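Down below is the structure, laid out as structure tokens.
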Amino acid sequence: MAVSSDSPRRKHKVTVVGSGNWGTTVAKLVAENTRENSDIYEEDVQMWVFEEDVVVPSDSPHYDPAVGDKPQKLTSIINTYHENAKYLPKIPLPPNVIANPSLVDAVKDSSILIFNLPHEFIGNVCRQIKGHTLPSARGISCIKGVTVTEDKVELICEYISEALGIYCGALSGANIANEIANELWCETTIAYNTPPCDLRGENGAADGDADGEVHRDARGKPSKVQLTPVPLDYPPVDHAALHRLFNRPYFTVSMVSDVVGVSLAGALKNIVALACGFIEGHGWNMTAKTAVMRRGMLETIHFCQEFFPETIQEMTFWESAGWSDMIVSCTSARNWRYSKMAAERGVSLHEIEKTELNGQKLQGISTTKEVMSFLKARGVQDKYPLFTAVEGIVDGTFKVEDIPVLFRRQ
Ligand SMILES: NC(=O)C1=CN([C@@H]2O[C@H](COP(=O)(O)OP(=O)(O)OC[C@H]3O[C@@H](n4cnc5c(N)ncnc54)[C@H](O)[C@@H]3O)[C@@H](O)[C@H]2O)C=CC1
Ligand SMILES: O=C(CO)COP(=O)(O)O
């Protein structure tokens with residue numbers, strides 16, 4: 001039964017937590033949408049920037065001879081020139097993207113938090129903002145990775161949810177940031193389960209029928225997180241509202257409910273992408289790569305079924321977050337490109353990350369380590385020969401030509 005309410009009077013304030021290659025791209029597209037949907041969103045989008053000093057190169061249109069090679073604050077460059085000269089150069093940002101070096105200030109009063117930074121930094125970020133976010137805020141994680149604590153594997157969106165006491169969904173897909181920043185068309189997938197306490201009935205009123213329904217975690221169990229409902233004077237946060245926030249003519253969003261499939265497909269494909277780069281760098285070609293991609297997808301699905309059997313939906317692997325991301329990541333993304341370079345040059349991936357990436361991160365390196373430590377703690381690593389091979393190649397104990405042998409052991 002619907003409980004009467006006034007229609008929403010407030011607008012959602014949006015913050016993007018992170019400002020790397022993908023963080024800045026998502027801030028751009030979201031800021032375009034907040035401007036076009038200013039009935040429900042505040043136009044300005046806060047973007048938290050991990051502050052650093054950046055030298056603007058002399059061939060940049062923003063080079064100021066009066067400043068010369070003197071380093072400038074990245075936030076100041078972004079807010080002055082509306083360009084992230086370090087992580088997304090040559091892409092004009094809408095002026096309503098506001099770079100903020102203070103994490104606590106950037107999330108203050110925001111009702112929608114978009115987490116978009118390399119997964120290794122999320123723990124520290126959550127520790128800093130805990131207690132400073134609105135209790136009724138809702139999150140979307142665009143991060144591709146997992147957290148592993150002792151022998152537990154956790155989705156990043158669930159980690160955020162537990163750390164901050166808010167509900168958090170996940171966005172993942174076949175998405176190369178530079179292409180989307182240049183407005184070249186692609187698809188993505190957002191997994192979001194509107195919590196029962198946020199369901200609204202007729203006329204936008206709270207849905208009394210939802211009383212008694214419990215919010216469930218990624219394993220289908222009643223969630224330990226005590227959620228504060230989105231207040232009725234805010235527009236609802238549901239599939240329609242999130243579609244309006246993320247969908248662009250060049251960025252087609254599909255809304256689903258499988259946070260496990262979307263999150264884990266996005267995290268584990270980075271391990272497979274490393275394998276494909278090693279293979280190509282070794283001199284093997286597309287036939288070997290497709291064998292590895294097929295095995296990688298099997299191990300990904302097996303991982304989801306083994307550790308999240310209650311909620312995984314296999315159709316998710318046919319979304320952008322599934323096969324499409326596997327293909328693009330193994331043929332044109334950074335984890336593939338730089339593992340190929342490492343194999344060609346005969347140097348370690350860590351070395352390549354340090355010398356070639358200008359501060360960007362290869363998520364596959366830490367994800368491989370974390371996933372393998374979790375599998376080994378459970379004694380089930382032999383069921384995952386491809387993931388095992390990648391760990392061995394990264395740490396130098398296996399060679400690329402060991403991959404077929406490891407597969408045969410299965
Ligand atoms: N770049 C892409 O094409 C895509 C990336 N993703 C995912 O998005 C997530 C974010 O990646 P990107 O934006 O590409 O990052 P990036 O690799 O371009 O940049 C690294 C970021 O980490 C920040 N950083 C460095 N040290 C830090 C610290 N101690 N604490 C907090 N932040 C620190 C840097 O300031 C920079 O913003 C990753 O999980 C990635 O897998 C997902 C889809 C596409
Ligand atoms: O997730 C991505 C493609 O969908 C980007 O992957 P990289 O981090 O390897 O560039």
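Fair warning: this is a prediction, and the values are worked out from it, not measured in the lab.
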Between [X] and [Y] (salt bridge meaning N to carboxylate O under 4.0 Å), is one present in this structure?
X: Lys86; Y: Glu52; value: yes
X: Lys376; Y: Glu391; value: yes
X: Arg35; Y: Glu42; value: no
X: Asp217; Y: Lys224; value: no
X: Asp198; Y: Arg138; value: yes
X: Lys144; Y: Asp325; value: yes
X: Glu306; Y: Lys383; value: yes

Hey, are [Y] and [X] close enough side-chain-wise for a donor-acceptor pair under 3.5 Å?
X: Thr331; Y: Trp336; result: no
X: Thr75; Y: Glu51; result: yes
X: Ser110; Y: Thr15; result: yes
X: Thr367; Y: Asn270; result: no
X: Tyr250; Y: Glu32; result: yes

Heavy atoms, side chains only, cut-off 4.5 Å: are [X] and [Y] in contact?
X: Glu319; Y: Val256; answer: yes
X: Met255; Y: Leu242; answer: yes
X: Asn175; Y: Trp22; answer: yes
X: Glu370; Y: Ser366; answer: yes
X: Val56; Y: Val67; answer: no
X: Ile393; Y: Ile403; answer: yes
X: Glu154; Y: Val148; answer: no
X: Phe251; Y: Val26; answer: no

Tell me whether [X] contacts the main-chain N or O of [Y] through its side chain, where contact means a donor paired with an acceptor under 3.5 Å.
X: Ser161; Y: Cys157; result: no
X: Asp44; Y: Val97; result: no
X: Thr189; Y: Gly173; result: no
X: Asp64; Y: Ala66; result: yes
X: Ser320; Y: Ala174; result: yes
X: Asp258; Y: Thr316; result: no
X: Asn193; Y: Ser257; result: yes
X: Thr24; Y: Leu88; result: no
X: His132; Y: Val107; result: no
X: Asn116; Y: Gly18; result: no

- prompt: Among pairs that include at least one residue of residues 99-121, which meet salt bridge (charged side-chain N to carboxylate O under 4.0 Å, His left out), considering only residues two or more places apart or in two chains?
  reply: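 Counting only pairs at least two positions apart or across chains, no salt bridge (charged side-chain N to carboxylate O under 4.0 Å, His left out) contact touches residues 99-121.
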query: Which pairs, with at least one residue in residues 172-189 and sequence neighbours excluded, count as a salt bridge (charged side-chain N to carboxylate O under 4.0 Å, His left out)?
result: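 Passing the test, one end in residues 172-189: Lys28-Glu183.
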Nearest non-hydrogen partners of [X] and [Y], listed with the distance:
X: Val146; Y: Ala267; answer: CG1-CB, 4.0 Å
X: Cys142; Y: Ile114; answer: SG-CG2, 3.7 Å
X: Pro101; Y: Trp48; answer: O-NE1, 3.3 Å
X: Leu349; Y: Leu274; answer: CD1-CD2, 3.7 Å
X: Asn335; Y: Ile365; answer: OD1-N, 4.5 Å
X: Ala275; Y: Val390; answer: CB-CG2, 3.6 Å

[atom2] on [Y] to [atom1] on [X], rounded to 0.5 Å:
X: Ile160; Y: Ser141; atom1: CD1; atom2: OG; answer: 4.5 Å
X: Leu264; Y: Gln305; atom1: CG; atom2: CD; answer: 12.0 Å
X: Ile301; Y: Glu314; atom1: CD1; atom2: CD; answer: 5.5 Å
X: Ile327; Y: Ser332; atom1: CD1; atom2: OG; answer: 10.5 Å
X: Ser329; Y: Leu268; atom1: OG; atom2: CG; answer: 11.5 Å
X: Leu298; Y: Arg294; atom1: CG; atom2: CZ; answer: 5.5 Å

task: Report the C-alpha separation of Gln360 and Tyr338 in whole Å, then their side-chain angles, then the decisive distance to 0.1 Å, and conclude whether the side chain to side chain donor-acceptor pair (under 3.5 Å) test is met.
output: CA-CA 11 Å; Gln360 295 189 29; Tyr338 291 103; over 6 Å; no
task: Measure centre to centre between the rings of Phe374 and Phe307, then say whether the value is under 6.0 Å.
output: yes
query: In terms of heavy-atom contacts, does CD of Gln226 have more than 12 from other residues, nucleotides or ligands at under 6.0 Å?
result: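 Open.
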task: Would you indicate whether His350, at its atom NE2, is surrounded by more than 12 heavy atoms from other residues, nucleotides or ligands within a distance under 6.0 Å?
output: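 No.
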- prompt: Given Tyr384 and Val371, is the side-chain contact (heavy atoms from CB on, under 4.5 Å) satisfied, shown in steps?
  reply: CA-CA 10 Å; Tyr384 298 88; Val371 166; over 6 Å; no
field: Residues in ring pair (Phe, Tyr, Trp, His ring centres under 6.0 Å) contact with Phe246, at least two apart in sequence or another chain
entry: none
Ring pair (Phe, Tyr, Trp, His ring centres under 6.0 Å) against Tyr234, all qualifying residues, sequence neighbours excluded: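 Tyr234 satisfies ring pair (Phe, Tyr, Trp, His ring centres under 6.0 Å) with His12 once adjacent residues are dropped.
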message: Would Arg244 pass as a cation-pi partner of Tyr41, given that its NZ or CZ must be under 6.0 Å from the six-membered ring centre and within 45 degrees of the axis?
response: no
- request: List in chain and number order the residues that pass salt bridge (charged side-chain N to carboxylate O under 4.0 Å, His left out) with Lys340, two or more places apart in sequence or in another chain; answer none if no residue qualifies.
  value: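 Listed in chain order: Glu344.
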Plane angle bin for Tyr81 and His62 - parallel if under 30°, tilted between 30 and 60°, otherwise perpendicular: parallel
- prompt: Can Val153 and Phe303 be said to form a side-chain contact (heavy atoms from CB on, under 4.5 Å), step by step?
  reply: CA-CA 11 Å; Val153 64; Phe303 189 97; 4.2 Å; yes
- request: State which residue, out of Arg345, Arg337, Arg334, fulfils the side chain to side chain donor-acceptor pair (under 3.5 Å) condition with Glu356.
  value: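 The single option meeting the side chain to side chain donor-acceptor pair (under 3.5 Å) with Glu356 is Arg345.
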- request: Please identify each residue that fulfils side chain to side chain donor-acceptor pair (under 3.5 Å) with Gln46, with sequence neighbours left out.
  value: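 Gln46 satisfies side chain to side chain donor-acceptor pair (under 3.5 Å) with Asn100 once adjacent residues are dropped.
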